Every structure is written in structure tokens, then in C-alpha cells.
Amino acid sequence: MLRYLRENTGNWIIKIFLGIIVVVFVFLGVGSMNSGRNNSVASVNDEPITVTEFQDAYRNLVEQMRERFQDNLTDDLLKALNVKQQALNSLIEQKLVAAQAEKLNITVSNQELENSILAIEAFHKNKVFDMDQYKRILGLNSLSPEMFEQLQRNALKQQKIRDMVLGSVFVSDLEAESFYLHHNTRMAVNYLKIDPAEFTDIAPTEEQIQDHYQENMDQYQSEPKRKAMYLQFSPRDYRGQVTITQAQVQDYYEQHTDAFKIPEKVEARHILIKVDGPADEQAVEEGRKKARAVYQRAVSGEDFAELAKETSQGPSKEDGGYLGTFEKKSMIQPFAEQAFSMKPGDISEPVKTQFGWHVIKVLNRFDAHVQSVEEAAEQIETLLAEQEMQNMSYYKAGEAFDAVIDGDSLEQIALLTQKKVMNTDFFDQNGSGLDLEQAADFANAAFALEKQQISDVKQIGNAYFLIKVVETLDPEQLPLDAVQERIRETLEKQLRMAAAETKAQELLAGAQSAENLTAFAQEKNLTMSSTEGFTRNDFIPKVGKSADFTSAAFDLTTAQPLCPRVLKTDQGFYIIGFKEKQVPEPEEIQKNLADVKEQLLQAKQGQSYQAWINELKENSEIEIDPQFMN
């Protein structure tokens, strides 16, 4: 099985196949065709989930995540995502749903099965089902048509029962309106900010530093360290050993035609006259007049690039306003709309965006088109070669790990694989001391090992490693003089926070006895600030993203305009008061109602289906082998 996985992981056709018919492989597993009652990892109502089923489900989940995370997928990430448990849960749910389908006598006709298979684009050539393509992809996945058709039939049964369960789920207009109002109402608040950083006259005493050290000695120890030896298998090691055929290039091109669609593009220069922030009408008009004067000079025949160097206030000024070649979606509106409505040589009237006024000159236009396979061949060959080299490095690392299982030492494995054993100096858990690109990831893998233990294959970046820890250094107590400044900084922060909170409580008490926060601030000559309108999900400038701040702000009303407590965020302490509440207009709600209903329907369907699955689980006997999961 290890060899099979290594030979097939990363094949692009398999990735496409898995991505398109994921329901079949993730929720059923190829192994289910041959499962027996032995070697099971779990059972559902005495129906076993075999090791083979689990391995296939796990492999396919990993492949999906490899597509999503690319080189960022590491063993640590797989553990964090709890992929083992996800794979097992999917198989448990498959067994439960299959039993319900059997109980309810749900069937799939031959015509339904045929239609579903004909619709799978992975089996198409030139947008038409192709039998040779069908058999070839199944063969790459060790499937016969009979095996796949049974899997697909089971998947369709599951879809039918899902549709049955969710048939009664709906979203009313009232629900959708309430949801839209909740998430799109904006609140603006006035606030007093008490910043701990402003309490600069506070410092801990030597006695406080000494006491803190004695009470927290376990926090002031040296870092544990490791020394390791390792073998590294990198894709670059196999450069020159990979041959990509024209047939592979053609296949990839046919399966990824959308990737070779080149959108319409424009090459342009521009001159920007800035209008900063929420400027008033006078500032906007002054900016327009300046831009208009620049426009007049440009259409009168002055060199546009030189004019940009003289007058533009944008980052491209020194390049004569040159923006390069861009597609429409890469530019903000209405700049993009204007640029793409012009012909080469045209110069636009001033166009207003959030950055200010723009005068645009289009240099060239490039029509949308689809690259031919000949034009894309070099790009495809490079991509496929990189994938093949990645696969080869994984395969070789896997072969080396097979030797570990057989009891070979790392030195013996190095001889077998013609690799050099690399040795590290001592390094800490952050990777400090390592001369590696992904030092932190390597350190994490090494610190999970016992001394003299050889790891399994670890993917770090785009390379694969076998790691052996050969020496360890345990933490040692650091003397006070080595950590005194750290303690001083810690205590200063704590003392300033405490002083800021005390001051905030005093100000809140004063504000509560005043008419409102604005009046209190004026009376005490305090600097009061205001936010722009924000929704419940927005990041608030100068405040940050604080659920507590946001919740308290939306509790304010004209009748209760002052928050009755001090709010703490990572920016400091706040006293907030009501400024303005902006509720969406009925026309806006109706315009977005259909999209909101669809969004809510999907969420409710997911919740309902999971609730049904949970009920099945509660009423079933599910046994899991804990040793296998560990």
C-alpha cells in the first residue's frame, strides 16, 4: 500500500478525478468494494470499517488538502486538521446513510447511473464523454468500470436520501430580512481611549522584580535543544531525470482549458491627483480642476510620460505613470471601466476613484483569446516536470522509510539511497541554530521525536525528510541577571495596564454622572474620537477586531447612549457612547434578499443534515479501535 500511494500521489489526472467525484472516494472509499470483517478500525452496528477503506479515505482527503494548501501542507498541518478523524467520521457517516438507504428501499435506476457518469467532465474529451478516457482514468485508480459504477450508484443513493432529509428545509422572507439587517446594520460610536503606553512614568522596583523572579522561576529557563541527523529528498535532486511526453501535455491541456483562457488586457499609463481620505466637496473639486488642467496639457500634445513624472502623485510617477499590462478585474472601478472603453492612443477625461482623480492614456489593447496547446506547451511541461520531480522525491523518501521499518540505520539507508547524512548543530523549538529554509517546521518535527528515534517521512516545504534526534539538552534555570530586563518589561506592561484600567474606571464614573460622553469629554478637556459606521464583522480602525467592543457598541441606543463598563481590546481601554446607527433601506434589503435566502438555505441544510447524522449516531452502536487512531 505504501508503494501504491507513492506511485500515485500527485498524478494530475488522479487529482482532477478525485476533485470532481470526491463524494465517491471520500465518503465510500475504494476499499469498500473488498472489505471483510477482519482488520477493521471501527464498526457501525456490527458493519466493519476496514483498514483498506480507512487508508483510501485518508489518502483522498490528503490529496484534496494537497491541492488546496500546495507546498504548505505539512504533517503538523495534517495533525492540526485532524485528518485521521475526518476520514473515519466520513466512513462512519457513509455506513449509517447506506443502512438508511437500504431500510427505506432507495434505489438508483440504470438510466440515472448512466446520466451521472456521462456528466462527469473528467471523462470528457472535447466536451463529450469519451470511453477510452473513462477506462484510462479508472485504470489509473485501480478501478474497473464495474467497481466504479457500483460506487457511483451508492453515491447517488446517498444523494437521494440527503435530498429526502433536506426536503422540508426552507428559509422565509422574514428570516432572510432579519439576517440581512443583523449583518448589515452599521453602528458608529464616540469613544475615549486610555492607552497603557502613555503611562510612561511607571516602573517596577527591584524588590518587585526579585519577587516576580522567585514566584515564576519555571518561566525563566533556557530553551530545550536538540541535535539531529537527517536525510533530505528534494525535487531538485531529480532534475534532468524526468521526461514529459507530448501526450501528457495534450492531456493536461484538454483537462485544463480554462487555465489557458487569456482575458482582454490593456496597457496604460496614468496620472494621479490625490484626494486624501473622506475629503469635503471643495477638496474633491480642487483635485478635479488640477486633473483637468493636466488633461488639457496631455491632449495638447505634451509627452504623457514626462507629464506624469512632473505632476502625478501616484507610486508610478517615476516610471512616467506606467501601469504595465493588466486585466479588467485587477483595477478598481470606475478606473477599469474607463480604461477598457478606450482605444490605443486615447487620453481620458479625469476619472474619480477612492484614491483621487486619474487621467489615463491607453497604449495598447490585447483581445481575449485561448492559448493553443503549442503556445502553452512549455508552461505545461514545466508544471508537469515539477509534479513528477515532487512525486519522485516522495517515492524515494518512502522507499527509505520502508528500510527504517525493516530495521536499517540512517547511515545504512544513506548508502542504499546514495544520499549524504546531514548533521545539525544544537537548535531550539523555533529552529534557531538550523541552517534550513523551513527551520521552524524541521524543529517541530524533531522535537516530537524521542532520542535515537527515526521519524516517518516528513514533508517540510517541498522536500521530504527522515530525521533522527541524536542528542538533547534539557532546560536549565537562568540566573536573575540574565532575565532581569525581560522581567522589567513584563512588569512594566502589567503595571501600565493596571494604571490604565484604573484611570478608565475613574473616567467612566465621571461620564455616567454627565449628560453624555461628548459633554463629559468637553468638560474635562479630553480628546474624544469617533468611528465610522461598522458592521458586526468589520475590523474597526484604531480599535481592531474585538467581539466585546462590537457587541457592546450594538447594545447602545439613544435611550442608553453610554456603555456601562470599560471595554478592553489589544489596543487599550475604551469608554464608548452612541453616535449613530445606520439601518439598511428596504430597497437594499429586497435587492439582496434572494442571495441571502440561498446563503441561509445552504447553512440550514448543512445544520439539518448534521443533526440527522448525529441522531443516527446516537441510536447506533459505533466502536472505534483506539490503538489504530493513535
Side-chain angles (χ1 to χ4, degrees), residues 1-11 55 58-59 62-63 66 69-79 223-243 384-474:
M1 175 58 69
L2 285 172
R3 188 176 299 276
Y4 174 80
L5 290 180
R6 289 195 296 276
E7 289 174 345
N8 290 282
T9 298
N11 184 291
Q55 287 173 330
Y58 180 82
R59 170 170 62 92
V62 170
E63 277 301 318
R66 194 183 301 282
F69 294 105
Q70 300 294 325
D71 291 344
N72 295 318
L73 184 67
T74 63
D75 288 336
D76 288 336
L77 181 56
L78 288 174
K79 289 175 184 176
E223 294 285 341
K225 293 187 176 182
R226 300 285 185 270
K227 186 181 283 188
M229 56 197 303
Y230 64 90
L231 296 178
Q232 180 175 352
F233 301 84
S234 300
R236 63 175 178 268
D237 298 340
Y238 306 99
R239 195 176 303 280
Q241 299 181 33
V242 172
T243 301
L384 294 181
E386 288 174 352
Q387 291 179 354
E388 286 300 318
M389 289 187 291
Q390 187 77 37
N391 294 343
M392 287 178 73
S393 60
Y394 175 54
Y395 180 84
K396 293 297 184 182
E399 278 190 330
F401 183 63
D402 287 348
V404 172
I405 294 174
D406 291 339
D408 291 347
S409 69
L410 209 61
E411 292 85 353
Q412 290 171 317
I413 296 167
L415 290 173
L416 289 171
T417 57
Q418 297 182 325
K419 287 282 181 183
K420 180 181 178 181
V421 176
M422 305 299 292
N423 293 278
T424 73
D425 290 327
F426 277 110
F427 57 90
D428 63 23
Q429 287 179 292
N430 296 318
S432 178
L434 285 170
D435 186 21
L436 289 168
E437 290 183 7
Q438 307 282 341
D441 291 336
F442 184 98
N444 284 337
F447 270 81
L449 299 172
E450 299 293 333
K451 187 176 178 180
Q452 301 302 323
Q453 178 186 358
I454 301 177
S455 72
D456 57 8
V457 177
K458 299 293 183 183
Q459 182 175 1
I460 301 174
N462 69 342
Y464 302 93
F465 291 77
L466 291 181
I467 305 169
K468 179 181 178 180
V469 171
V470 294
E471 198 171 342
T472 63
L473 284 180
D474 293 330

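These figures come from a predicted structure and were not determined experimentally.
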Trainee: Would you say the side chain of Ile454 lies within less than 4.5 Å of the side chain of Ile467, judging by non-hydrogen atoms?
Mentor: no
Trainee: Around Asp425, counting heavy atoms of other residues, nucleotides and ligands shown, do more than 12 lie under 6.0 Å from its CG?
Mentor: no
Trainee: Measure the acute angle between the ring planes of Tyr464 and Tyr394, then classify it against the limits of 30° and 60° as parallel, tilted or perpendicular.
Mentor: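 If you compare the ring of Tyr464 with that of Tyr394, the planes turn out tilted.
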Trainee: Mind checking whether Phe447 and Pro224 have side chains closer than 4.5 Å, heavy atoms only?
Mentor: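 Answer yes - side chains close enough.
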Trainee: Output yes when a side-chain donor or acceptor of Thr424 lies under 3.5 Å from a complementary backbone atom of Ala228, and no otherwise.
Mentor: yes
Trainee: Considering residues, nucleotides and ligands other than Gln412, do more than 12 of their heavy atoms fall under 6.0 Å from its CD?
Mentor: yes
Trainee: Rounded to the nearest 0.5 Å, how far does CG of Leu436 lie from CZ of Phe465?
Mentor: 5.5 Å
Trainee: Do you know which two heavy atoms are closest between Gly461 and Gln459, and how far apart they sit?
Mentor: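 Heavy atoms only, the tightest pair is O-NE2, 3.3 Å.
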Trainee: A side-chain contact here means heavy atoms from C-beta on lying under 4.5 Å apart; do Glu399 and Thr417 qualify?
Mentor: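 Side chain of Glu399 against side chain of Thr417, heavy atoms only: no contact under 4.5 Å found.
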Trainee: Return the minimal non-hydrogen interatomic distance between Val421 and Ala414, and the atom names on each side.
Mentor: CG2-CB, 3.5 Å
Trainee: Charged N to carboxylate O below 4.0 Å: is that the case for Asp237 and Arg239?
Mentor: no
Trainee: Heavy-atom count around Gln418 CD within 6.0 Å, excluding the residue itself: above 12?
Mentor: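 No - once you tally the heavy atoms of other residues, nucleotides and ligands closer than 6.0 Å, there are 12 at most.
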Trainee: Is the ring pair Phe442/Phe427 parallel, tilted or perpendicular, if the boundaries are 30 and 60 degrees?
Mentor: perpendicular
Trainee: Without swapping roles, check the side chain of Gln241 against the backbone of Tyr238 for a donor-acceptor pair under 3.5 Å.
Mentor: no
